[in-house]
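Both counts, for ligands and for their atoms, begin at 1 and track the order of listing. The figures that follow rest on heavy atoms only: side chains count, while hydrogens, waters and symmetry mates do not.
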Amino acid sequence: MSTKLFDLSGKTAMITGSSRGLGRAMAEGMAAAGASVILNGVNEARLQEAVEEMKAEGYDVIGAPFDVADEAAIVAAFEKLDADGVAVDILVNNAGIQFRKPIVELETKDWQKVIDVNLTAVFICGREAAKRMIPRGHGKIINIGSLLSDAARATVSPYGAAKGGVRMLTKIMTAEWASKGIQVNAIGPGYMATEMNTALIENEEFNEWVCKRTPSGRWGQPEEMAGTAIYLASDASNYINGQLIYVDGGMISVL
Ligand code: GCO
């Protein structure tokens, strides 16, 4: 079987929230597989630094600075890509924030911000990408879920509600777009060693829990997301649709 199945040459991938963390790791992997990459971030300085770093590695990279919580900014970003003749073949809806607080202490504004970034942005970016993929008859959309798409823990209600929604939105996008040649799937990261989780890693009790609760016995590394992202972005997954694939060291599967 040819490895061309996993070749992303000639494809352009947009990864939201990709200046660092999981998004950056997936962007690096897709670029190494041949894709041209559109990095996104809300902090323009950090985004430009990431673009320059990846260009220095010899990759074809541009930056698209927009806040995924700002619908007008998303629409304008896609319209600029249109004007520049850049077609997004692969969209990774990765941008996400976390806000940990018990429900009874959580203010609605903080709930809403997490929902806006972690769920509504997936809808808006997905809609804008699909509007352009449908006429072309092909496209790949990869939404980033979470263990919290299926399993719960206390103090992360907006994040879990959003990630549960991402799982279902992935299926509804499939229902509407699979017949148009678009494959929509999700990746569920386990407990990954990212900046979002620094507080958890540095918490001795939580760190011990993750290492004991994860069958692989350790936190995941951002780079360990790249292979599944490449797979779901490539022709190797043209008959995979509506799935959520866990990259979690086995945590979701073992009591
Ligand atoms: C938390 C963590 C999780 C992980 C990841 C697990 O507070 O429990 O932030 O949400 O980041 O989503 O899949």
Side-chain angles (χ1 to χ4, degrees), residues 15-27 29 40-42 68-69 92-107 110-123 125 142-171 185-229 231-232 243-255:
I15 304 96
T16 63
S18 48
S19 298
R20 57 184 177 175
L22 302 186
R24 175 68 181 275
M26 290 186 281
N40 159 257
V42 66
V68 295
V92 183
N93 279 309
N94 166 77
I97 58 175
Q98 179 59 283
F99 193 93
R100 303 179 182 99
K101 192 167 278 189
I103 292 172
V104 294
E105 298 169 21
L106 187 63
E107 294 183 52
D110 295 319
W111 160 277
Q112 193 59 57
K113 178 68 176 167
V114 175
I115 295 292
D116 288 349
V117 173
N118 293 19
L119 180 58
T120 306
V122 173
F123 154 68
C125 292
I142 302 167
N143 298 323
I144 302 305
S146 163
L147 289 165
L148 291 155
S149 294
D150 286 308
R153 79 179 189 88
T155 75
V156 287
S157 60
Y159 189 97
K163 294 301 187 178
V166 165
R167 176 188 249 301
M168 186 48 68
L169 183 55
T170 297
K171 294 180 180 181
N185 292 286
I187 303 174
Y191 279 92
M192 310 299 276
T194 60
E195 283 191 52
M196 180 191 286
N197 289 333
T198 300
L200 303 180
I201 296 168
E202 292 174 350
N203 178 303
E204 192 175 334
E205 183 182 351
F206 199 98
N207 177 56
E208 186 178 338
W209 173 78
V210 167
C211 293
K212 285 183 175 173
R213 179 64 183 75
T214 306
S216 297
R218 63 177 175 83
W219 290 77
Q221 295 303 318
E223 300 71 38
E224 294 181 290
M225 290 285 287
T228 304
Y231 168 58
L232 291 176
Q243 298 304 304
L244 188 157
I245 299 175
Y246 276 103
V247 181
D248 69 345
M251 187 184 263
I252 200 71
S253 299
V254 176
L255 289 177

Side chain or backbone of [X] under 4.0 Å from ligand 1, or both, or neither, by non-hydrogen atoms?
{"X": "K163", "result": "neither"}
{"X": "M192", "result": "neither"}
{"X": "D248", "result": "neither"}

Within the structure, does P189 bring an N/O atom to less than 3.5 angstrom of an N/O atom in ligand 1?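 Such a contact does occur with ligand 1.
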
Numbering the atoms of ligand 1 from 1, which are under 4.0 Å from a heavy atom of [X]?
{"X": "R153", "value": "1 (C), 7 (O), 8 (O)"}
{"X": "Y159", "value": "10 (O), 11 (O), 12 (O)"}
{"X": "Q98", "value": "1 (C), 2 (C), 7 (O), 9 (O), 10 (O)"}
{"X": "S146", "value": "5 (C), 6 (C), 12 (O), 13 (O)"}

Among protein heavy atoms, which sits nearest to atom 3 (C) of ligand 1, and what does the distance come to when rounded to 0.1 Å?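 So the nearest neighbour among protein heavy atoms is Y191 CE2, 3.6 Å.
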
Any non-hydrogen side-chain atom of [X] less than 4.5 Å from a side-chain atom of [Y]?
{"X": "V156", "Y": "L148", "value": "yes"}
{"X": "F99", "Y": "L106", "value": "yes"}
{"X": "V114", "Y": "Q98", "value": "no"}
{"X": "N93", "Y": "I144", "value": "no"}

Would you check if the distance from the ring center of W111 to the ring center of Y159 is below 6.0 Å?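 Not under 6.0 Å, so no.
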
Do the side-chain N and O atoms of N40 and T16 include a donor-acceptor pair separated by under 3.5 angstrom?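 On atom types as modelled, these side chains do not qualify, holding no pair under 3.5 Å.
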
Which word best sums up how the rings of Y191 and W209 line up, parallel for under 30°, tilted for 30 to 60°, or perpendicular for over 60°?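 Taking W209 first and then Y191, their aromatic rings stand perpendicular (interplane angle over 60°).
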
Where the closest heavy atom to atom 2 (C) of ligand 1 is concerned, which of V156, L147, D150, N197 has it?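 Looking at heavy atoms only, the winner is N197.
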
